[in-house]
Amino acid sequence: MTCDPRVLRRPLLVGLIPAVWTVLLGLWGLSRQNSVWRDEAATWQVARRSTGDIVRMLEHVDVVHSLYYLCMHGLFAGFGPSTTVLRLPSVLAVAAAATCVALIGHRLAGAYVGLGAGLALGLLPAVQFYLQEGRPYALVAAGSAASTLLLVNALRGRGRKRTWAAYACAVLVCGWLNWLALLILPAHLITLLWSRAPRGVRVRWAVAAGAATAGVLPLALFSLGQSGQVSWVPPLTWHMMIGPAILLAIGGLGGLLGRRTGTGTAERAGAAGRTDRTGRADRTDRADRAGRPGPAGTVEPAGPVAGSPSVAAVGLPLLAVPQLGLIALSLVKPLFVDRYILFSLLGLALLIGALIGRAVDEVARRSRPAARCVLPVLVAVALVALLPQSLAKRSPASRVDDVLAAAERTRQLKHDGDGVLFIPAARRDTWLVTPDAFTGTRDIALAESPDESGTLKGVEASPARVRTAMLAQRRILLVTDAAGVARPTRGRRDRTKAEVLASHFTLVSDERIRGRRVAVYERLAPAGGG
């Protein structure tokens, strides 16, 4: 298998091939053996609510994901809830990001760099994880890729008003999906300064960036009142810096070794070598390299043109600034979670593409036919090397727990009239995602449902009332975390649940299923005798 030279002269194909490749990677094992973990369960149960209930909930919790929840509500309403509907938006979003990355690489340094970057994005282990995740992080990556492509177009002299308007809209949407996406703006600013962009370009960028920031600011300020949602994020430690350090080292290597990529040495293997009888280069190839229309119409440039930033000037800030920016924010409040800045891996993909382009150029100096095989061989080797990780990320064990597995076991164990307890209350997502599995049972701790209270997990009764309700039950099903997943700290209400179960009930069944525990307790004495 080799790269057909005709592909290298067609920007549409350079963008389409990574998109198709990424969709195939995303559809592979999409259901993860019909499993849904706790983060996706939040998306699932919120998306099934009415628009009014979602808006009411956002006043209390998860406003940072408001746009995403409303979009998923529309999809669930139109196509019904399923793991495919839950995750397919992420697959398509990463495919769109791969297309944008490929076009960026193609316009900055040539088609081999673009193809390499676009194909590499879908293979990155972290991207493969969130490629099949029913959460907004892949959508943020797609918007970030689109905004970066628009910025590159502007730096290449195509900065019309509509380009900057589209740029502002892309950043605005990203910010409404997760306001930490605004960390892309300082990355783009460094690209502008590194590339010595004209003053007019810098001014237009500032206006567009300011407009987007102003649009996101109300959401960011309102979400600060819900900062308790991220109280689980641990404080920053040195060992947490290992991952970012490795990414930055790889990115720096890509920027250093790939800095001369894009001269067109390899790409002209099939086109630049052709001359007519007068010894002049093929007109189509001249048009490709100069960015001028060819005989068949307008042809996108296959390599850099005057005024273009380098791949390093785009990729390195895109990789480094969000990583370092989140680290800096985490010194004030713990926030360092890699998925919040998944979009920074777009920069890593670009720099990997630069490395691939450099390798192709080196081989082309010795053998142009052999150069066409470099990219397919590298992708095949990477696919095989990453196969164990790829398989692992498509298994239920790749996530902390599985809501659907716990619900199915509850369905098998329940008796009509059973009481159900959730410890902690957040494990109520098992019921919220699959309510039919709990038909005939009663949530004995619940005082106000999630819909009524505008919360994710509902409002539970006081410890005294929970105790009374438990002692009135002959049989109780408990859904909680498995031993290796459970957190040691529990509130007074959860301690009451555990104490009553230990002193007034006997354990008759206890099963651990994919990160969750489903247990059955029966009363030691007749109800009311405690």
Side-chain angles (χ1 to χ4, degrees), residues 35-38 40-42 44-46 48-49 81 400-453 455-483 485-487 490-530:
S35 64
V36 172
W37 78 295
R38 60 181 63 176
E40 292 179 309
W44 188 300
Q45 58 112 336
V46 172
R48 293 182 64 176
R49 301 184 188 187
V400 171
D401 54 11
D402 181 2
V403 176
L404 297 183
E408 183 58 32
R409 191 60 186 135
T410 301
R411 188 196 304 273
Q412 297 166 0
L413 293 172
K414 71 176 183 179
H415 292 167
D416 285 346
D418 283 352
V420 181
L421 284 178
F422 301 95
I423 300 178
R427 295 308 141 255
R428 189 168 281 106
D429 56 5
T430 316
W431 163 56
L432 296 170
V433 170
T434 318
D436 61 297
F438 292 82
T439 302
T441 66
R442 185 170 70 92
D443 189 339
I444 56 179
L446 189 64
E448 196 173 0
S449 73
D451 288 358
E452 294 169 342
S453 61
T455 62
L456 280 172
K457 57 188 178 183
V459 176
E460 294 192 336
S462 67
R465 294 186 63 179
V466 170
R467 176 186 173 86
T468 301
M470 290 178 66
L471 293 176
Q473 289 294 137
R474 185 187 66 82
R475 197 167 181 269
I476 291 178
L477 274 74
L478 171 68
V479 179
T480 185
D481 294 318
V485 177
R487 295 177 188 169
R490 289 176 180 167
R492 183 183 166 199
R493 188 178 291 103
D494 287 342
R495 288 197 300 270
T496 297
K497 296 175 188 175
E499 289 167 1
V500 173
L501 287 174
S503 18
H504 297 278
F505 289 79
T506 183
L507 181 65
V508 297
S509 174
D510 191 358
E511 298 187 33
R512 287 158 180 78
I513 307 165
R514 295 181 181 176
R516 296 218 168 174
R517 176 179 166 230
V518 180
V520 178
Y521 289 84
E522 290 185 355
R523 272 287 258 136
L524 292 172

ask   = Which residues pass the side-chain contact (heavy atoms from CB on, under 4.5 Å) test with A469, sequence neighbours left out?
value = I444
key: Set of residues satisfying side-chain contact (heavy atoms from CB on, under 4.5 Å) with respect to S509, sequence neighbours excluded   = L413, E511, V520
Please round to the nearest 0.5 Å and tell me the distance separating atom [atom1] of [X] and atom [atom2] of [Y].
X: T441; Y: D416; atom1: OG1; atom2: CG; value: 9.0 Å
X: K457; Y: L432; atom1: NZ; atom2: CG; value: 12.0 Å
X: L478; Y: F505; atom1: CG; atom2: CZ; value: 11.0 Å
X: T506; Y: L501; atom1: OG1; atom2: CG; value: 11.0 Å
X: T480; Y: D401; atom1: OG1; atom2: CG; value: 10.5 Å
X: E499; Y: R492; atom1: CD; atom2: CZ; value: 10.0 Å

ask   = Is any side-chain heavy atom of M470 closer than 4.5 Å to a side-chain heavy atom of H504?
value =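 In short, these two side chains do not touch, never coming nearer than 4.5 Å.
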Minimum heavy-atom distance [X]-[Y], with the two atoms named:
X: Q473; Y: I476; value: CB-CG1, 3.8 Å
X: A498; Y: I423; value: N-CD1, 4.3 Å
X: G458; Y: S453; value: CA-OG, 3.7 Å
X: R523; Y: L471; value: NE-O, 3.5 Å
X: F438; Y: V420; value: CE2-CG1, 3.9 Å
X: D494; Y: F422; value: OD1-O, 4.3 Å

query = Do you see a donor-acceptor pair shorter than 3.5 Å between the side chains of R48 and Q45?
reply =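 There is no such pair between these side chains.
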request  = I would like to know whether R428 and L456 meet side-chain contact (heavy atoms from CB on, under 4.5 Å); could you show each step before the answer?
outcome  = CA-CA 9 Å; R428 189 168 281 106; L456 280 172; over 6 Å; no
With sequence neighbours left out, write down each residue that passes side chain to side chain donor-acceptor pair (under 3.5 Å) with [X], or none if nothing qualifies.
X: D402; result: R514
X: D436; result: R411
X: R427; result: D481
X: E452; result: S449

message = Under 4.0 Å between a side-chain nitrogen and a carboxylate oxygen: does that hold for R38 and D429?
response =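 Salt bridge flag = no for D429 with R38.
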task = Return yes if some donor-acceptor pair links the side-chain N/O of R516 with the main-chain N/O of V479 below 3.5 Å, else return no.
result = no
